[in-house]
Amino acid sequence: MANKDSTLRTFTVIGLLCFVCSVLVCLAVVILKPLQEKEINVDRMKSVLEAAGIDYSGRDITELFNSKIEARLLDLESNRFLKAEEVKKAVGCDDNKSVSDCAGSYNFVSEAKLPGHNADIDSAKDFAGIKTHAKYMPVYLVKAEDKSVTQIVLPFYGQGLWSTMYGYLAVGADGSTIQGLKYYNQGETAGLGAEVTNPNYTAKWISKKLYDENSSYQFAVKKNADGNSQYQVDAISGATLTSDGVNNSVKYWFEEVYAPLLKQFKNKEVK
């Protein structure tokens with residue numbers, strides 16, 4: 001009579017149990033993936049709408065977003081928007097998705113880590129401390145009823161005190177005036193650096209300017225900022241290093257990366 005407590009039987013039961021559990025986990029991942037992607041996209045849409053100052057309370061987020069905003073994919077090397085077929089290829093979208101949906105869902109964080117999909121940064125200009133970024137970035141154009149562009153919402157990120165901070169900055173159609181700021185992912189100290197997400201703080205950015213009349217970058221986040229300056233925002237009290245990180249990340253993206261695009265908007269050269 002076989003020993004029911006044999007080592008072979010024990011390992012057989014363990015193996016079968018592991019197999020069944022792995023199958024269930026795989027099924028759960030497959031089934032839940034579309035739902036997870038949907039929630040990620042909804043969160044992204046909310047962040048862009050918040051940066052643009054568009055109230056979405058009580059509204060269908062996707063419907064509102066699609067009616068107000070067009071996403072496009074910017075080639076950072078050539079400073080041009082990709083054509084429809086280029087967007088679909090870069091993102092890997094199928095024909096069921098619109099070009100705007102494809103461009104908006106481009107995962108620039110993941111792409112920045114992939115050789116051949118990223119671009120290294122000159123260390124002397126890497127104010128944000130990110131070392132590399134994706135070759136493309138999604139750009140969100142906020143449009144009026146007549147389809148004219150009223151704002152450009154641009155993703156940016158950089159190192160804070162404890163974390164990489166990710167946000168969106170909304171800029172007016174003049175290519176310089178800040179219309180809103182939304183940090184959607186950060187791990188700074190609660191009550192100090194994390195105040196970068198506080199609406200009372202981000203409201204101080206509205207109507208400040210990034211560039212002077214000659215398109216020269218002038219914006220700064222600094223301690224004891226000049227309240228009369230249209231280019232300065234006061235640093236967060238007690239969070240000097242986080243504030244420096246915010247200043248440096250905005251400086252990198254809007255002086256080194258997005259300045260040519262925003263100059264095109266200023267000169268009304270964007271089609």
Side-chain angles (χ1 to χ4, degrees), residues 48 50-54 72 74-81 119 121-130 133 137-144 148-160 165-183 196 199-237 239-271:
V48 173
E50 288 180 32
I54 299 174
R72 303 182 76 175
L74 179 67
D75 184 327
L76 298 184
E77 184 177 2
S78 63
N79 193 46
R80 68 175 181 88
F81 288 125
I121 302 170
D122 181 348
S123 59
K125 297 180 179 179
D126 186 16
F127 311 119
I130 56 177
H133 59 63
M137 289 295 282
V139 171
Y140 302 90
L141 307 181
V142 184
K143 296 192 172 183
S148 62
V149 176
T150 60
Q151 296 181 60
I152 311 100
V153 181
L154 297 159
F156 73 102
Y157 60 99
Q159 293 298 317
M165 301 182 290
Y166 296 88
Y168 292 104
L169 193 70
V171 182
D174 64 352
S176 180
T177 305
I178 296 173
Q179 302 289 342
L181 169 68
K182 169 66 178 180
Y183 268 102
V196 73
N200 291 329
Y201 175 71
T202 58
K204 297 177 181 179
W205 289 55
I206 297 175
S207 297
K208 298 295 183 179
K209 292 185 178 295
L210 295 167
Y211 314 99
D212 61 21
E213 60 275 8
N214 297 316
S215 298
S216 176
Y217 184 82
Q218 299 293 333
F219 181 76
V221 178
K222 57 188 300 184
K223 188 176 181 179
N224 299 321
D226 181 356
N228 295 319
S229 173
Q230 59 184 337
Y231 303 112
Q232 296 182 15
V233 172
D234 210 1
I236 301 170
S237 179
T240 300
L241 295 180
T242 297
S243 298
D244 287 346
V246 172
N247 179 67
N248 291 337
S249 57
V250 175
K251 177 178 174 62
Y252 171 70
W253 286 98
F254 290 87
E255 183 176 40
E256 298 296 328
V257 181
Y258 293 133
L261 174 69
L262 292 173
K263 188 174 181 179
Q264 289 181 19
F265 274 97
K266 174 186 175 182
N267 297 332
K268 302 187 185 303
E269 296 171 351
V270 176
K271 297 180 181 180

Once side-chain contact (heavy atoms from CB on, under 4.5 Å) is applied, do any residues pair with [X], and if so which ones, sequence neighbours excluded?
X    : answer
S229 : D226, Y231, Q232
A239 : L192, I236, T242
K208 : I178, F219, V233
T240 : D244

Drop me the distance from [X]'s [atom1] to [Y]'s [atom2], to the nearest 0.5 angstrom.
X    : Y    : atom1 : atom2 : answer
L261 : R72  : CG    : CZ    : 10.0 Å
T177 : L210 : OG1   : CG    : 8.0 Å
D75  : F81  : CG    : CZ    : 11.0 Å
T202 : L181 : OG1   : CG    : 6.0 Å
L262 : N267 : CG    : CG    : 11.0 Å

Which heavy-atom pair separates [X] from [Y] by the least distance, and what is that distance?
X    : Y    : result
Y201 : V196 : CD2-CA, 4.0 Å
V139 : L74  : CG2-CB, 3.9 Å
V149 : A173 : O-CB, 3.3 Å
G172 : Q179 : N-CG, 3.5 Å
Q151 : A170 : OE1-CB, 3.4 Å

* **Under 3.5 Å: donor-acceptor pair, side chain of E50, backbone of K182** =>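 No: the side chain of E50 does not pair with the backbone of K182.
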* Checking K266 side chain against E213 main chain: does a donor-acceptor pair fall under 3.5 Å? ->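 Pair found, side chain donor or acceptor close to backbone of E213.
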According to side-chain hydrogen bond (donor to acceptor under 3.5 Å, both in side chains), who are the partners of [X], at least two apart in sequence or on a separate chain?
X    : value
D234 : none
Y252 : H133
K204 : none
K143 : E70

Do [X] and [Y] have side chains that approach each other closer than 4.5 Å (heavy atoms only, starting at C-beta)?
X    : Y    : answer
F156 : I130 : no
V171 : Y211 : no
V246 : M165 : yes

* Enumerate the residue pairs fulfilling salt bridge (charged side-chain N to carboxylate O under 4.0 Å, His left out) with a member in residues 165-181, sequence neighbours excluded, ordered by first and then second residue. =>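 Qualifying pairs: D174-K209.
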With a 3.5 Å cut-off and sequence neighbours excluded, list the donor-acceptor pairs that the side chains of residues 253-260 form with protein atoms.
from : atom 1 : to   : atom 2 : distance (Å)
W253 : NE1    : Y157 : O      : 2.7
E255 : OE1    : K251 : NZ     : 2.7
Y258 : OH     : P155 : O      : 2.7

* To do: Evaluate side-chain contact (heavy atoms from CB on, under 4.5 Å) for V221 paired with V250, printing each intermediate quantity in order.
  => CA-CA 9 Å; V221 178; V250 175; 5.8 Å; no
* To do: Taking salt bridge (Lys or Arg N to Asp or Glu O under 4.0 Å) as the test, write out the residues that go with K263, two or more places apart.
  =>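 Here no residue qualifies.
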* I would like to know whether N247 and F127 meet side-chain contact (heavy atoms from CB on, under 4.5 Å); could you show each step before the answer? => CA-CA 9 Å; N247 179 67; F127 311 119; over 6 Å; no
* **Residues V153, L169; criterion side-chain contact (heavy atoms from CB on, under 4.5 Å); working and verdict** => CA-CA 6 Å; V153 181; L169 193 70; over 6 Å; no
* Give the C-alpha distance, both sets of side-chain angles, the deciding distance and a yes or no for side-chain hydrogen bond (donor to acceptor under 3.5 Å, both in side chains) between S216 and Q218. => CA-CA 6 Å; S216 176; Q218 299 293 333; 3.3 Å; yes
